[in-house]
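Written below as structure tokens is the structure these notes are about.
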Amino acid sequence: MAKNQSELASVLVTSRGVKQKSVRVKKQYKGLQSIMLGSILPIVLITVWELLSRIGFFPSYQLPAPTVIFQTIVGMAQDGTLWGHIGITTYRVFAGFVLGTIAAVILGSLVGFYKKAEQLFDPMIQAFRSIPSLAWVPLFILWMGIGEPSKVTMIAVGVFFPIYLNIVSGILGVDRKLIEVGKMYGLSTFQLVRRIILPASLPSFLVGLRSGLGLGWMFVVAAELMGASQGLGFLLVVGQNMSQPETIIASIILFAIIGKLSDWVLKKVETRSLHWQDRLVK
Amino acid sequence: MAKNQSELASVLVTSRGVKQKSVRVKKQYKGLQSIMLGSILPIVLITVWELLSRIGFFPSYQLPAPTVIFQTIVGMAQDGTLWGHIGITTYRVFAGFVLGTIAAVILGSLVGFYKKAEQLFDPMIQAFRSIPSLAWVPLFILWMGIGEPSKVTMIAVGVFFPIYLNIVSGILGVDRKLIEVGKMYGLSTFQLVRRIILPASLPSFLVGLRSGLGLGWMFVVAAELMGASQGLGFLLVVGQNMSQPETIIASIILFAIIGKLSDWVLKKVETRSLHWQDRLVK
Amino acid sequence: SSSASSEEKPEEIRLDYAYYSPTSLVLKNFGWAEELFAEEDIEVTWTLSQGSNKALEFLNSDSVDFGSTAGAAALMSKATGAPIKNVYIYSKPEWTAMVTNPDSGISSLEDLKGKKVAATLGTDPYIFLLRSLAAEGVAADEVEIINLQHADGGSALVSGDVDAWAGLDPHMARLELESGAELFYRNADFNTYGFLNVREEFAENNPEYVNKVIELYEKARTWILENPEEAAALLAEEAGIDVEVAKKQLERNDFSNPVPGETHINAIVEAGKVLQAGEVIKADVDIEETTNALIDPSFAEEVIGE
Amino acid sequence: MSLELKNVSRTFNGITAVKNISITAEPGEIIGLLGTSGCGKSTVLRAISGLDNDYDGEISINGNTKKEVHDTTGFIFQEPRLLPWLPVLDNVTFGLKGSRAEKVQRAKEYLESVGLSGKEQLYPRQLSGGMAQRVAIARALVTSPEILLLDEPFSALDAFTKMQLQDLLLDVWNTYQSTVVLVTHDIDEALYLCDRIIVLRGQPGVIDTELVIKEERPRARGSQEMAEYKRKILDRLDLNNAHSYTS
Amino acid sequence: MSLELKNVSRTFNGITAVKNISITAEPGEIIGLLGTSGCGKSTVLRAISGLDNDYDGEISINGNTKKEVHDTTGFIFQEPRLLPWLPVLDNVTFGLKGSRAEKVQRAKEYLESVGLSGKEQLYPRQLSGGMAQRVAIARALVTSPEILLLDEPFSALDAFTKMQLQDLLLDVWNTYQSTVVLVTHDIDEALYLCDRIIVLRGQPGVIDTELVIKEERPRARGSQEMAEYKRKILDRLDLNNAHSYTS
Ligand SMILES: Nc1ncnc2c1ncn2[C@@H]1O[C@H](COP(=O)(O)OP(=O)(O)OP(=O)(O)O)[C@@H](O)[C@H]1O
Ligand SMILES: Nc1ncnc2c1ncn2[C@@H]1O[C@H](COP(=O)(O)OP(=O)(O)OP(=O)(O)O)[C@@H](O)[C@H]1O
Ligand SMILES: [Mg+2]
Ligand SMILES: [Mg+2]
């Protein structure tokens with residue numbers, strides 16, 4: 001099924017490609033323009049910040065200049081610690097993301113689909129949803145110790161809630177008319193979910209994924225309070241404990257960059273898989 | 001407009017009410033049943049936990065029994081501090097929620113609607129989205145000091161992102177066919193947003209609100225690290241700093257309860273305002 | 001230095017209080033500051049510092065005028081250029097020590113080789129651990145240091161996730177009482193003192209008021225010395241901890257010498273060297289110079305006399 | 001398959017949409033359902049399909065009175081209801097079982113029959129109204145259902161295409177001897193296709209007239225007898241409209 | 001308002017849907033657009049409406065050739081396109097300006113005309129297909145547009161209701177002298193309503209025939225002349241279908 005669809009998609013793409021060479025050039029130009037537009041704000045921000053730091057408006061013990069931060073990051077890259085921090089954190093977020101997504105898909109589908117499951121699980125899940133990440137820390141240490149499992153699970157918890165919420169609401173919002181089509185063709189509940197409900201609620205699901213991933217990055221800090229010796233969250237907390245503003249800001253910047261990159265991947269997936277939507281072209 | 005709609009709604013409700021007395025009784029019964037089903041899990045959980053504590057499986061200096069926690073909460077209620085904590089935190093979350101929602105609606109509509117706005121703002125916002133709450137703390141203290149504004153803003157930041165994300169995706173997902181109807185009737189862009197796009201993307205927006213509110217509660221801890229002397233997040237951190245497991249767990253429970261209550265309100269709003277959806281009845 | 005006092009007076013004086021500074025709790029509890037400054041129409045605001053790093057953030061962002069920290073924390077901040085100075089020692093606490101479970105078989109730092117030790121990086125217990133190891137001739141990389149928040153380190157010790165813990169009061173006191181944890185290595189001199197810091201700008205503009213605050217702190221210190229029982233009760237009440245825990249914590253605080261002096265400078269310089277060796281403080285920082293810039297005994301000397 | 005409705009009624013929020021509908025269809029019969037807009041034709045079809053089970057009365061399909069969807073039933077809805085995320089071809093193979101190659105082959109045959117070969121890779125949003133409706137027709141017919149429920153299947157089509165598809169329907173019916181219930185507003189269509197025409201009227205809709213068309217198939221479109229039947233039906237419909245509009 | 005299309009073509013992803021369409025409509029004229037399914041009728045209508053501005057060629061409305069939506073244009077889409085969150089009444093008042101009371105009054109009049117009085121508070125999901133289509137008709141007519149684009153507006157309606165609404169359309173046209181472009185598959189309908197009938201054919205669709213109907217209004221349905229016209233059109237359509245199906 002999946003293979004087939006991608007086949008079809010590629011057919012579509014090539015047939016388009018042949019016919020629209022000029023369009024493609026235009027697209028490339030547009031892509032460039034879009035990147036340039038997107039860079040305006042960050043560049044302005046960094047420039048102003050650098051200037052203000054230079055004239056001493058931000059004293060360096062509070063907010064070091066971007067160049068200083070940049071040097072810090074470059075320094076870490078050179079002595080190799082940077083890759084360790086990024087690598088381990090990315091691994092944890094990825095693992096937690098996968099775990100959390102699986103849990104959310106299963107529970108979300110159940111709750112979205114069966115009234116009994118909703119009545120049973122939903123109240124509890126909604127209650128857990130507002131417990132801050134830091135609050136989980138002592139409990140997770142108690143239950144799972146300080147190894148990787150507790151860290152990954154912590155991130156999975158963060159990832160879980162937005163995905164769950166979006167799946168449930170996505171399922172509830174699926175047009176009855178389409179579900180009836182599936183029923184008419186004798187689909188089992190599972191098939192109904194896979195062939196109608198999941199694709200139909202895909203937009204909502206994908207937003208959930210993106211939200212969840214963002215929360216995954218946020219939960220890293222709490223996760224790495226649990227006995228980490230490496231990682232971006234570790235870097236942040238240590239920077240705070242040791243009054244090293246450049247470490248703090250460097251870790252923030254790294255969070256922003258990697259978070260943005262990971263989100264960009266999901267956004268690509270989103271654009272790809274929702275091409276069938278009858279959207280208004282902006 | 002709004003008034004009118006509620007008028008219509010009430011007409012609808014009363015005309016239904018008259019015709020369906022037996023249905024109403026059935027509904028009440030169903031409501032009760034639903035609450036009972038929803039209580040099963042929490043009750044089982046608490047009972048097991050109490051038992052495990054009693055037999056000493058969880059040592060009390062790590063995880064006190066539910067009864068102990070309950071006493072702690074009752075104690076705080078009696079000496080009056082409880083209401084202070086709950087009150088101030090609820091106020092902060094509420095204020096931050098309103099602020100964050102307003103910002104998200106404005107920016108989200110712009111980005112969802114105008115390609116230029118998307119290219120300009122979206123990359124930056126997506127990057128900020130994965131910065132953990134704790135990372136903001138020193139920056140917020142630096143920029144805004146330790147008064148209420150910084151706390152409320154911190155919560156607004158947390159609330160902002162999921163709402164923003166859901167609004168943007170909701171707007172993108174609005175059926176072109178309906179937007180065209182609006183255009184045909186000469187609606188201005190603003191009217192288009194208000195009369196077509198907002199209602200059409202309401203399901204997505206409401207999930208965003210619920211997600212955002214949840215995140216608001218989570219950000220409370222970071223907010224109340226900024227020089228608070230009251231509040232649930234404060235309680236949690238003090239409990240952790242002062243080795244008071246019962247305070248920690250009490251604050252977690254309070255977070256869960258109040259979070260659940262606030263979410264319940266939003267869920268009611270959701271059910272009310274989406275009654276027009278052609279959903280499959282579970 | 002206070003003779004060069006300026007005419008203006010501050011509109012408000014922003015103090016912090018912290019559960020690790022019993023003196024500040026007493027001062028806040030009795031309202032002496034409000035009493036004193038009300039005469040001059042100066043408002044007093046209190047902010048809770050949840051830890052040294054928070055107090056420093058507050059000081060650096062001009063959110064408080066006085067902040068209580070551990071000495072080493074103040075040094076680390078000063079090393080990055082923070083405009084603060086230490087004007088008073090609120091206590092000589094022995095708030096940190098090496099802790100282990102009763103049946104762990106660990107009785108000296110030697111035994112830690114190859115074991116897991118929990119500590120919060122950059123805080124006093126961490127510095128204590130490094131200094132102790134150095135003093136006993138154990139290389140830091142022979143033990144596995146696990147970074148955990150103070151409370152979590154305690155839990156990890158009890159549950160056996162780690163073999164030892166560089167503990168901090170009141171967690172440490174509590175564990176001693178409740179799970180029988182043992183302090184197997186103690187050294188009061190490796191603790192870096194409780195520093196009351198002031199923002200340089202405030203000290204420059206309002207030296208008299210620095211003196212007045214020191215006077216207030218002195219009043220509180222004297223009260224504690226005279227009423228140890230009540231002080232323990234007050235600490236327990238304020239911090240929401242057990243009276244027994246509070247007593248143990250107070251017992252480990254030495255309130256006898258409030259004037260910053262040689263001993264403190266030496267202790268901080270020693271701590272600074274350890275931190276520099278551990279790359280926490282940058283190599284190009286001159287520790288002694290920074291320490292001297294940080295510690296300014298003049299105010300306390302003027303108020304208390306030598 | 002035989003099909004029997006006994007006193008079927010359906011009430012929405014206290015308002016009755018159809019009342020006491022009783023129909024018996026022999027296996028292989030084609031039943032036409034005519035009536036003014038809103039008189040409950042689609043409601044009856046949904047009840048038969050099993051998608052709606054809040055009706056009163058009894059519907060038995062081959063003696064089975066359970067209120068459930070039978071997977072031998074095909075339904076062409078009043079709207080195309082294509083799955084927007086699948087291209088035309090996958091929409092048509094949607095209900096088919098078996099190997100991919102077989103499914104594709106069968107689907108292509110039917111797409112050809114409805115005049116859409118070459119459009120396999122288009123997405124629903126790229127189709128015209130009539131094309132979408134034809135895809136829906138192909139999707140239902142390709143499964144060769146034993147009971148076929150058609151809700152105004154050809155209303156969005158031009159005269160010529162409509163005739164082609166009516167013949168396609170008869171082909172399928174011939175091959176599989178399906179029992180068909182056809183809702184239509186086109187009296188000529190009903191006369192050309194049906195063995196029996198049932199006219200509903202009023203709100204709530206009740207059965208007004210039942211007309212048996214004995215004519216052999218293939219029938220001539222617009223013959224004399226047909227014109228006679230048509231006049232009869234138009235009379236009934238007018239009466240019934242006048243009634244429902246004044247009420 | 002006058003309306004003029006000059007060499008309008010529209011290409012989707014490299015495939016041309018309609019080609020070189022030129023039509024001139026006098027103010028107050030009713031133009032019928034006939035053609036097989038998928039030949040580009042809706043595409044032409046969308047181009048005229050201004051919703052689609054990726055066409056080639058020129059469309060001038062009262063001399064204005066800007067590619068934009070004119071708010072004096074009314075459009076009845078091929079699907080009802082009701083706003084699902086508004087009840088019927090609010091759907092009809094959607095395009096109206098003025099005080100709420102006025103709007104409601106006007107909307108109720110039109111709802112009465114399309115046979116839906118008493119259904120004001122229903123939501124779209126509670127409507128039958130034909131009822132939804134009628135709400136869409138009321139929504140467009142109530143704004144008394146100067147140019148009215150109709151895409152198979154009556155296809156989902158039974159014979160009697162259809163006739164009623166055709167007369168309603170003529171009433172509105174009489175009162176406001178709207179210029180009307182009507183896409184339909186019903187040749188009788190086109191003959192009853194239109195001053196001129198344009199038959200499109202092929203893929204890409206091009207103009208095949210133009211027929212001027214001189215008959216005075218009100219016209220008799222099914223008169224001798226009409227039958228003659230009908231035969232002509234059917235001929236053209238058949239030819240054209242045979243052509244498009246074999247290509
Ligand atoms: N958005 C689109 N993308 C690609 N192709 C399209 C799009 N819209 C229409 N087409 C193609 O243009 C052609 C004409 O479509 P159009 O909707 O105008 O037909 P139509 O004459 O209205 O047919 P019908 O009577 O079935 O409604 C069709 O072949 C269709 O596939
Ligand atoms: N879900 C629903 N809720 C409330 N009323 C409904 C619902 N579905 C249908 N109805 C009502 O039932 C009646 C019959 O609807 P139905 O769709 O069966 O009509 P129909 O005969 O198919 O008409 P059409 O020819 O216009 O499609 C209508 O008055 C409609 O308003
Ligand atoms: Mg119907
Ligand atoms: Mg069309």
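Treat the numbers as computed from the prediction; the structure is a model and nothing was measured. Just so we're on the same page: letters track the sequence lines, and every chain starts at 1. No hydrogens, no waters, no symmetry mates; every other heavy atom, side chains included, goes into these values.
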Select one option (side chain, backbone, both, neither) describing which atoms of B:L187 are under 4.5 Å from chain E's heavy atoms.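 The answer is the side chain of B:L187.
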Could you tell me which portion of [X] (side chain, backbone, both or neither) has an atom closer than 4.5 angstrom to a non-hydrogen atom of chain B?
X      : answer
E:F94  : both
E:T143 : side chain
E:L82  : backbone
E:R46  : side chain
E:E79  : side chain

No-hydrogen, no-angle side-chain donor-acceptor test under 3.5 Å, B:Q126 and B:R129: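 A pair is found: one side chain offers a donor N or O, the other an acceptor, under 3.5 Å apart.
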Mark yes or no: E:R106 above the aromatic ring of E:Y110, with NZ or CZ under 6.0 Å from the six-membered ring centre and no more than 45 degrees from the axis.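 E:R106 over E:Y110 ring: no.
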Can you confirm if the NZ or CZ of B:K151 lies within 45° of the ring axis of B:Y91 and under 6.0 Å from the centre of its six-membered ring?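 That pair does not qualify as a cation-pi contact.
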Taking ring pair (Phe, Tyr, Trp, His ring centres under 6.0 Å) as the criterion, tell me which of B:F160, B:F121, B:W136, B:F161 meets it with B:F128.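 Between B:F128 and the candidates, ring pair (Phe, Tyr, Trp, His ring centres under 6.0 Å) is satisfied uniquely by B:W136.
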For E:K119 and E:V135, what are the C-alpha separation, side-chain angles and deciding distance, and is it a side chain to side chain contact (heavy atoms under 4.5 Å, CB included)? CA-CA 10 Å; E:K119 311 284 185 190; E:V135 175; over 6 Å; no
